[in-house]
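Read through the structure below, which is laid out as C-alpha cells, and then see the notes.
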Amino acid sequence: NFNEPWDGPNNSQLAALMPNVYRCPSDAAGGPVSTTTAYAAITGPATLFDADSPSSIADIKDGTSNTIAVVEAANAGIPWMEPRDLDMNQMTFTINGSPTDISSHHPQGATVVFADGHTSFLLDTIGAQLLRAIMTKAGGEPINGDF
C-alpha cells in the first residue's frame with residue numbers, strides 16, 4: 001500500500017516474506033528467517049542517487065564501469081522493505097569497517113555492482129580515496145582499473 005509507510009499496519013504484514021534476491025546467498029549469519037537485506041545503494045552528493053530524481057547514463061561522466069550503484073551492506077541492519085541506503089556522508093570509506101560502510105560476511109572484502117551491471121569483489125584493503133572515487137559519477141578522478 002503506497003499510501004502508508006513501509007512499516008505501516010498493512011505493509012508490515014509483508015516483512016517476514018522477504019524475497020531471496022534481497023539476501024546474499026552466502027550469508028549464513030542472517031539465515032533464511034532474516035528480514036534484513038544484504039544490499040543497499042550508495043546515496044549522497046555526486047553519487048548515482050544524489051537527489052530525488054535518478055541519474056541518467058549521460059550524468060555518469062566517470063563511466064558506468066567505474067561508478068558503483070549497489071553494494072553489500074550486511075552489517076547495516078536494513079529491513080528489506082525500509083527505504084534506506086548507505087549515505088556517503090556517514091561513511092569512513094572502508095570495507096567491513098563499520099555498519100555505515102560497505103560490509104559483508106565474506107572474508108577480505110565485499111561485492112559491489114557497478115552502473116554498467118557488472119559485479120566486482122572489492123578487497124577490504126582498497127584505499128579510501130579510490131573507494132570514494134568509484135562511488136561518484138562525475139568526479140573525474142583517475143581510476144586506472146585499480147579495483
Side-chain angles (χ1 to χ4, degrees), residues 1-8 11-12 14-15 18-31 34-147:
N1 182 343
F2 293 112
N3 294 320
E4 72 176 41
W6 67 274
D7 59 349
N11 291 337
S12 62
L14 301 173
M18 184 172 90
N20 283 335
V21 70
Y22 289 92
R23 181 179 294 112
C24 176
S26 62
D27 184 3
S34 174
T35 59
T36 58
T37 184
Y39 308 108
I42 299 291
T43 62
T47 68
L48 290 177
F49 304 98
D50 67 353
D52 291 333
S53 60
S55 296
S56 70
I57 295 293
D59 295 329
I60 308 172
K61 305 294 185 199
D62 290 345
T64 57
S65 63
N66 293 326
T67 306
I68 292 176
V70 176
V71 301
E72 284 191 90
N75 297 325
I78 302 172
W80 77 274
M81 293 173 44
E82 183 178 354
R84 177 169 48 113
D85 291 294
L86 295 183
D87 184 347
M88 188 173 173
N89 293 317
Q90 298 175 358
M91 299 179 93
T92 62
F93 301 99
T94 60
I95 295 179
N96 293 328
S98 80
T100 61
D101 286 303
I102 298 169
S103 61
S104 78
H105 296 290
H106 305 294
Q108 301 177 327
T111 303
V112 301
V113 180
F114 286 83
D116 67 355
H118 87 273
T119 61
S120 185
F121 187 78
L122 299 183
L123 295 175
D124 55 16
T125 56
I126 189 171
Q129 185 175 2
L130 177 57
L131 187 56
R132 183 180 182 90
I134 59 178
M135 288 182 189
T136 62
K137 63 185 175 189
E141 309 93 342
I143 303 294
N144 302 324
D146 293 332
F147 50 89

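All values derive from a computational prediction rather than experimental measurement. By convention here, the first residue in the shown sequence is residue 1.
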What's the spacing between Leu123 CG and Gln108 CD if we round to 0.5 Å? 7.0 Å
Working to the nearest 0.5 angstrom, can you tell me the gap between Met81 CE and Trp6 CH2? 7.0 Å
Step by step, would you call Ser65 with His118 a side chain to side chain contact (heavy atoms under 4.5 Å, CB included)? CA-CA 7 Å; Ser65 63; His118 87 273; 4.2 Å; yes
Hey, does the side chain of [X] reach the backbone of [Y] with a donor-acceptor pair shorter than 3.5 angstrom?
| X | Y | answer |
| --- | --- | --- |
| Thr100 | Gln90 | yes |
| Glu72 | Thr111 | yes |
| Asp85 | Ile42 | no |
| Arg23 | Ser34 | yes |
| Thr36 | Gly77 | no |
| Trp80 | Pro19 | no |
| Asp124 | Thr94 | no |
| Ser103 | Asn96 | no |
| Asn66 | Gly63 | no |

What closest approach, in Å, do [X] and [Y] show between heavy atoms, and which atom pair accounts for it?
| X | Y | result |
| --- | --- | --- |
| Asn75 | His105 | OD1-CE1, 3.6 Å |
| Val21 | Tyr39 | O-CE1, 3.6 Å |
| Phe49 | Ala69 | CE1-O, 3.6 Å |

Find out whether [X] and [Y] are in side-chain contact, i.e. whether some heavy atom of one side chain is under 4.5 Å from a heavy atom of the other.
| X | Y | result |
| --- | --- | --- |
| Val71 | Ser104 | no |
| Asp62 | Thr136 | yes |
| Leu86 | Thr43 | no |
| Met88 | Arg132 | yes |
| Leu48 | Thr67 | yes |
| Ile134 | Leu122 | yes |

Under 3.5 Å side-chain donor-acceptor pair for [X] and [Y]:
| X | Y | result |
| --- | --- | --- |
| Ser55 | Lys137 | yes |
| Ser12 | Asp7 | no |
| Asp50 | Thr47 | no |

Residue pair Gln129, Phe93: steps toward the side chain to side chain contact (heavy atoms under 4.5 Å, CB included) verdict: CA-CA 8 Å; Gln129 185 175 2; Phe93 301 99; over 6 Å; no
Geometric class of the Phe121/His106 ring pair [parallel <30°, tilted 30-60°, perpendicular >60°]: perpendicular
Take Leu131 and Met135, measure what side chain to side chain contact (heavy atoms under 4.5 Å, CB included) needs, and give me the verdict at the end. CA-CA 7 Å; Leu131 187 56; Met135 288 182 189; 3.6 Å; yes
